[in-house]
Each structure stands twice: as structure tokens, then as C-alpha cells.
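What follows is one structure encoded as C-alpha cells, with my remarks underneath.
Per chain, numbering begins at 1; letters A, B, ... match sequence-line order.
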Number of protein chains: 2
Amino acid sequence: MVSTKAGTRRRSPKDAGANASQRATRRDPDATRANIIEVATREFAENGLDGARVDEIAEKTRTSKRMIYYYFESKEGLYKAVLENVYREIRTREADLGLERLPPERALRKLVESTVEYDDSRPHLFRLVAIENINYGRHVQGSSSIQTNNASATEILSDILRRGAEAGVFRKDINPTDLHMVISALSLFRVSNRYTFGTIFGTDFSDPAVRRRHRKMIGDIVMRYVAPQ
Amino acid sequence: MVSTKAGTRRRSPKDAGANASQRATRRDPDATRANIIEVATREFAENGLDGARVDEIAEKTRTSKRMIYYYFESKEGLYKAVLENVYREIRTREADLGLERLPPERALRKLVESTVEYDDSRPHLFRLVAIENINYGRHVQGSSSIQTNNASATEILSDILRRGAEAGVFRKDINPTDLHMVISALSLFRVSNRYTFGTIFGTDFSDPAVRRRHRKMIGDIVMRYVAPQ
DNA sequence: TCTGACGTGTACGAACCAGTACGTTCTCAG
DNA sequence: CTGAGAACGTACTGGTTCGTACACGTCAGA
């Protein structure tokens, strides 16, 4: 979730780590900020940018509405902070799978299947992505922090594909960005279109058996696509 | 788009088809209804359910706000009517491709590639689907008209898969609903996640060359997945 | 030509909601 | 221990927006 430990904002050097075991007392700007972001993430994910209410967010916070405007200036400023936080969280994941040490075929399947599991387990994160797309990606576009560092996803994939091609187990003409899109598309659909698809075709996406079936299918699809011949 | 010819609402039998060439004169309930739906479709697709403004819709209509409430009772009623109309339109398409007369492999590839083209050409329809999912599919759930008749998509696919399996060119264990999901996922992602993905990975989804590349790739993915062995 | 229902326009109300004015308390450097 | 700025709370405002009251036009059949 949202980090609770002190951020990088100005602090006197001497108290860095000093009063660590103190109770989360009266004034704690970083905790207040984090608390607001945490609540706002939930509210925006549930109700959308327009649908979310600042008063509602404030009430669920352990502080007041005044603080939201104090720290984030506007509803949109808060939304943007939430979005940056979410992307940071999504980004962080893939790096820690240790895929570079696995043989390419095992690495790719693991990447795909863990993506399905992850997306399924954090629906609210991807609802925010969907919401941002409804808003024409305006805030992602306006945030350099989101645009930077996002090569990582394709870099990991590029590495796997390169090794696979060299070993002769993958085709050589796979575009890493396109493949990343394919994996995201197949995995995200289960979250983004859960309600309409589920209602119309009677698929229960929350059923673990269905998830396992989909996870395997999506893995198979990707592996068959990259296979040579 | 929205049908302009008279609907099925009560009409005296004698004027059915009588004054056909008259100018779209003073009183024309069906045209008014259709006009409202048409404008509302655009507005809801562009701004979402909460984002759209009834006054704005009314102004762009050739009638007044009063009529929106007269015909649709509430903003939500209007939204629901729009949604039903959109699903009707989406449904109508696939039937007219004549796929049952093609050999299974050609039929499947044609289905996939035409889906990509169609989704790409009607982004606003699928923005509405995305919006509906943000709203937890509440209105789709409440509309029997949407839930009925939606077997068609899987029926066409089932038929192709059955014929392919019999001919020995497809595997026998493909779940039609799951395959439909795969095709939808790959095709819809290009519309639903256009902005965030495009910004982060520098993909221009409106470039025809990119669309052609994706269309072929998605076709290849599906064909490789259903192939036996 | 009269009548009742249907269709239409205008002007307004009431709630809702983002954002702010203003005042208070805390914290830490000097 | 003191002053100045940071952190915080309360109460309000002004604009927006869904929905409606009310009045009038129009049409088909009696």
C-alpha cells in the first residue's frame, strides 16, 4: 500500500530516525499526506474522478478537507498524486521476480501468469487506469514522473525475448512492446470488463477455478505465439 | 447510427407510410427521441455518466431539456436507453459477415480481423462499455434487452470451432466463450487503453500502419492458439 | 369545431459540492 | 522561551446542475 514511513520532505537532520518509536502523535505531515492518498485512492477507484467527493474523502481521512487543499491544492491535484502513486506501485512489481535468472521459456510463462495473478488481486489499481483512459489520459500525459521509468516493463521482456531467440526457442521477429500490449490486454480485460462481460456471458471472474483456467490459457496463448516455425 | 425511421410506438394505422415524403415537420416524437439518443450517445461517450451534463445534451438537441425528462424520466434513464442502443448496434454487426459459408480457418481469421477494424472505427461505442464497467455494470445488469440475444457472438464462434475441429484444423478443447473473451480483449485494449499505453510506450494507435500490424498480430495469435498439435 | 391527450418551451428551485476565509495550535530554530 | 512559519479545523460561499412547475401549442377523432 501507501508507504507510511517519512518521505523525503524537509526534516531537520537530527531527528532522522531519532523518535522512531514515538506514537503517531499530533503533527505528522508525512503520515497525514499518506493517509489522504490512501483514502483517496480507494474513493477515486470506486467512484471515478467526477464521481468521487472531496467531502467524502475528507471524512474518511483522519484529518479534514482543509488539509487536502493544503497539500494537494485541488481535487485534480489529489487525483494526480494518487495516479502517480499507483503507477509507482505497478512498476515496482515486475522487477522483483528474478526473471533474468530463469531460462527464457520459463521466464516468459512466469511473467505472464504472475501478471494475471497480480492484476486480479489489485482490481482497484487497474480501475484507476481505466478511469484515466476515460479522461483521455490527460493526467498521465501531464506527469513526467509516470512517463519516466516505464521502459522497465519492455526492458525485462526484451531481455527474455532476446535470450529466447538466441537459444532458438522463440521467433526472432517479436516486437517487445507489442507483446507487452498483448499480455496486458489479456490480463487486464479480466478486470476492466469484468462486469459487462460477466453479466452478458455468465462468466464469474471472481471464481478461483475460472481464474486458474484463464491464467493457463493466457500463458498458452503467449507461448504459442512466440514459438518458432 | 441511430435509426431515424418511425419506431414501433402507437400510431394510427392509416398514416403508416402515408405521409412518408413530408418534411420532418412539427411533431415527430420518434425523430425527437432518436435525435436525443444520438446526441446523448456522443456526450456520454465523451464525458462519462457523471461527466455528461443534461443541459449540454439538451442544448445540442434540436429540442429542449423538458423532452429528455418527458421521454426518459431521468439522466440515468437516458443513459440506459443509450446503452441499450449501443449494444444493439454492436450485436447487429457480426451476423452479416457470412462466416458460416467460409471454411473454418478463413472464417476465424476474418472474424478476428474484422473485429479489430470495427472496434477501431467505433471508439465511442467501446468507451461507453468502459464507462459502464466503471459503474460496475449496474445498467447492463438492469436491462433484460441487453442480456437477451447476446448468445449470438458465441454461437457464431461455436459453429466455426465445431467445423474446424471436425475438419481436423482446430483443437477440440477450445472454450468458445473464452476465445470470444480473448478476441475482445486483444481488440478492445487498443481502444480502451489507447491513452495511457500510448503515452507511456509511445505507441500511436491512430496510425494506420500500427493498426495493420496489430490486426495481423492478433489474427496470428488466435490462429496459433486454436491450431492442433 | 370541440375536446382531451400528447408534445413542447421557459423559467425556476433546491441540493450539492469544490474551494476558501479566517482563526487556532503546534513545532522548532535561534 | 519566543517568534515565525507550518499544520490544522470550522464554517461558509458561490456556482453548478438535476429535476420540475406551469403554461402553451398541436393533433386526431367525435
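- For B:T32 and C:dT8, the shortest distance from a side-chain N or O to OP1 or OP2 is below 4.0 Å.
- Here B:K80 does not pair with B:E84 in a salt bridge; the nearest charged N to carboxylate O distance is not below 4.0 Å.
- Distance CE (B:M67) to P (D:dG25): 15 Å, rounded to an integer number of Å.
- B:A52 comes within 4.0 angstrom of sugar-phosphate atoms only, judged by non-hydrogen atoms across all strands, and of no base.
- Phosphate contact (OP1/OP2 of D:dA6, side-chain N/O of A:Y71, threshold under 4.0 Å): absent.
- We find that CZ of B:R62 is positioned 16 Å from P of C:dG7, with the value rounded to whole Å.
- Residue B:K65 places no side-chain atom within donor-acceptor reach of the base of C:dG9, judged by atom type and a 3.5 Å distance cut-off alone.
- Here the C1' atom of nucleotide D:dC8 and the CZ atom of A:R33 are 15 Å apart, to the nearest Å.
- Counting any heavy atom pair closer than 4.0 Å across all strands shown, A:R53 reaches sugar-phosphate atoms only and no base atom.
- Proximity note for A:V54 (side chain, C-beta onward) versus D:dA21, D:dC8, C:dA18: the nearest is C:dA18.
- Salt bridge status for A:D120 with A:R194: present, with a side-chain N to carboxylate O gap under 4.0 Å.
- Distance B:I68 CD1 to C:dT10 C1': 15 Å, rounded to the nearest Å.
- Here D:dC18 is the nucleotide among C:dG9, D:dC18, C:dA18 with the atom lying nearest to any side-chain atom of B:Y69.
- Surrounding CD of B:E59 are at most 12 heavy atoms belonging to other residues, nucleotides or ligands under 6.0 Å away.
- With distances taken from any side-chain atom of B:D55 to the nucleotides D:dA21, D:dC18, D:dC8, the minimum falls on D:dC18.
- We find that CD of A:E43 is positioned 16 Å from C1' of C:dA18, with the value rounded to whole Å.
- Taking atom CD1 of B:I57 as the reference point, atom P of D:dC18 lies 8 Å away to the nearest angstrom.
- Between A:S64 and D:dT10 there is no side-chain polar atom (N or O) within less than 4.0 angstrom of OP1 or OP2.
- A salt bridge does not link B:D119 with B:R190: none of the charged nitrogens is closer than 4.0 Å to a carboxylate oxygen.
- Distance A:K75 NZ to C:dT20 P: 14 Å, rounded to the nearest Å.
- Cation-pi contact between B:R127 and A:Y136: present, with separation from the ring centre below 6.0 Å and deviation from the ring axis of at most 45°.
- In this structure, A:E59 places its CD atom 14 Å from C1' of D:dG9, rounding to the nearest Å.
- With C:dT20, D:dC18, C:dT8 as the candidates, the nucleotide lying closest to the side chain of B:Y70 is C:dT8.
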